[in-house]
Amino acid sequence: MRRSEGFLKTMEYYNKAKTQEFIERTLKADVSKSRDKFIDYVLKNSRKEVPSKDLNILDAGCGSGRDTKVFLEKGFSVAAFDASNALCIAASEYTGIEVECSTFMETDYENEFDGIWASASLLHVEKEKLIDTVTHLKKALKKNGIFYASFKKGDFSGIREDRFFQDATKEYLKELFGEKCEMEILELYEDESLLSNGSIQEWVNVIAKKN
């Protein structure tokens with residue numbers, strides 16, 4: 001499969017240039033509010049009161065393994081993958097599970113997971129490929145499974161900070177997950193994070209359900 005220039009540049013960043021810097025930075029990032037929302041929806045739709053090994057979560061584009069480790073510690077069964085070989089090695093060591101090296105479209109799951117967690121990962125997919133990518137990942141969810149994704153807020157599409165980024169708005173994510181990929185939008189919200197340089201990054205988040 002021919003890789004786009006944006007994909008190759010992004011993988012070079014994660015595999016060679018900034019691997020350790022990225023890991024250290026993301027391990028410090030606090031996404032607990034969104035993660036707790038996601039967990040609450042997974043439990044509610046699975047009719048469970050607490051996490052258990054009966055509930056399966058797919059960490060799609062797991063990066064450092066930060067959230068995979070939290071899900072495991074809370075008691076979920078977790079599968080994780082990332083397209084960066086260097087990050088897969090680091091995340092495997094950090095989480096204690098084997099992290100698969102795979103792109104979104106190379107995964108081959110069907111009706112296996114109660115939730116898909118795609119935190120700041122789909123934002124590296126070109127806009128023209130997002131419908132096919134989300135639709136493909138959706139197949140991995142069980143009926144009523146929960147899909148979470150987050151993007152940097154805006155309309156930018158291109159190379160930034162040596163990686164490809166596809167930003168998004170609430171309106172676009174409503175169209176992508178709701179109309180195009182035919183999921184039920186449960187929550188669509190914005191939040192912010194404090195970057196290491198002291199600036200504020202705005203994010204847009206979506207939580208949707210497979211019907």
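We're numbering straight along the sequence, starting at 1.
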Report yes or no: do Ile116 and Ile146 belong to one cluster of Ile/Leu/Val/Met/Phe/Trp/Tyr joined by side chain heavy-atom distances under 4.5 Å? no
Worked verdict on Lys37 versus Tyr189 for side chain to side chain contact (heavy atoms under 4.5 Å, CB included): CA-CA 11 Å; Lys37 282 177 179 285; Tyr189 60 97; 3.6 Å; yes
Around Glu73, counting heavy atoms of other residues, nucleotides and ligands shown, do more than 12 lie under 6.0 Å from its CD? yes
Can you see whether Asn45 engages Lys142 through a side-chain donor-acceptor pair at a distance of less than 3.5 angstrom? no
Determine yes or no for a side-chain-to-main-chain donor-acceptor pair under 3.5 angstrom, with Thr95 supplying the side chain and Gly65 the backbone. no
How many angstroms lie between NZ in Lys152 and CD in Glu202, if you round to the nearest 0.5 Å? 12.0 Å
Taking atom types as modelled, find out whether Arg163 and Tyr14 have a side-chain donor-acceptor pair closer than 3.5 angstrom. yes
Determine, for Asp155 against Lys127, whether the closest basic-nitrogen to carboxylate-oxygen distance falls under 4.0 angstrom. no
I'd like to know if Lys174 pairs up with Glu184 as an ion pair, taking the criterion as any Lys NZ or Arg NE/NH1/NH2 lying under 4.0 Å from an Asp or Glu carboxylate oxygen. no
Could you check Arg25 against Glu21 for salt bridge (Lys or Arg N to Asp or Glu O under 4.0 Å), going step by step and ending with a plain yes or no? CA-CA 6 Å; Arg25 186 170 68 246; Glu21 178 185 318; 3.4 Å; yes
Are Leu58 and Tyr109 close enough that some pair of their side-chain heavy atoms sits under 4.5 Å apart? yes
Let me know which of Phe71, Tyr41, Phe147 forms a ring-ring contact (aromatic ring centres under 6.0 Å, His included) with Trp117. Phe71
Might you confirm whether atom NZ of Lys28 has over 12 heavy atoms from other residues, nucleotides or ligands at distances under 6.0 Å? no
Test log, rule salt bridge (Lys or Arg N to Asp or Glu O under 4.0 Å), inputs Asp67 and Arg35: CA-CA 8 Å; Asp67 301 316; Arg35 196 169 53 222; 2.7 Å; yes
